[in-house]
Amino acid sequence: QVQLVESGGGLVQAGGSLRLSCAASGRNVGNYGMGWFRQAPGKEREFVATITWSAVSTDYADSVKGRFTISRDYAKNTMYLQMNSLKPEDTAVYYCGAYRDRYLCSEDGCYTYWGQGTQVTVSS
């Protein structure tokens, strides 16, 4: 079992920055790939970014490339999403997930564990 807890969401003006955190606990969490997804009102959950268990590889949705950066700190068992140049269309509930595979995964079907989500609101 892996438990995930997101934090760092909030209200920010367009062009601003936020850093989301996902604290992981449980057995062998370092062996899990992890990722961020988001869901806006009335829309389906969509992929944002993912990072392998080794942190060697990352992948991003086209909509966030060049603005968002995913990383992880093994000592703290925490994954981060640094979000810069935020836009109103980034407004959503952001979820972190974990999956047991060595490869990158941008499909939510790969993920076994999910956090409860954190709200990000970007005002224009």
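Only this structure's heavy atoms are used, side chains among them; waters, hydrogens and symmetry mates stay out.
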State, with a plain yes or no, whether a side-chain heavy atom of Met83 is found less than 4.5 Å away from one of Ser17.
-> no
Enumerate the residue pairs fulfilling side-chain hydrogen bond (donor to acceptor under 3.5 Å, both in side chains) with a member in residues 85-96, sequence neighbours excluded, ordered by first and then second residue.
-> Arg38-Asp90, Arg38-Tyr94, Arg67-Asp90
If we ignore angles and hydrogens, is there a donor and acceptor under 3.5 Å between the side chains of Thr50 and Asp59?
-> no
Approximate separation, where rounding is to 0.5 Å, of Ile70 CD1 and Met79 CE = 5.0 Å
Would you mind telling me which of Arg45, Glu46, Glu107 makes a side-chain contact (heavy atoms from CB on, under 4.5 Å) with Phe37?
-> Arg45
Do side-chain atoms of Asn28 reach the backbone of Asn31 as a donor and acceptor pair under 3.5 angstrom?
-> no
Supply the atom-to-atom distance Ile51 CD1 to Tyr60 OH, rounded to the nearest 0.5 angstrom.
-> 7.0 Å
Approximate separation, where rounding is to 0.5 Å, of Cys110 SG and Arg100 CZ | 14.5 Å
Using the side chain to side chain contact (heavy atoms under 4.5 Å, CB included) rule, take Thr52 and Arg102 through it: C-alpha gap first, then chi angles, then the decisive distance, then the call.
-> CA-CA 6 Å; Thr52 54; Arg102 67 175 62 186; over 6 Å; no
Going through the distances and angles, do Trp36 and Phe68 end up as a ring pair (Phe, Tyr, Trp, His ring centres under 6.0 Å)?
-> CA-CA 11 Å; Trp36 291 96; Phe68 291 10; 9.9 Å; no
Polar side chain donor-acceptor pair, Ser123 to Gln13, under 3.5 angstrom | no
Co-membership, hydrophobic cluster, residues Leu81 and Val29, 4.5 Å side-chain | yes
Euclidean distance, Asn77 CG relative to Ser25 OG, rounded to 0.5 Å = 8.0 Å
Just by modelled atom types, is the Gln116 backbone N or O under 3.5 Å from a matching donor or acceptor in the Glu6 side chain?
-> yes
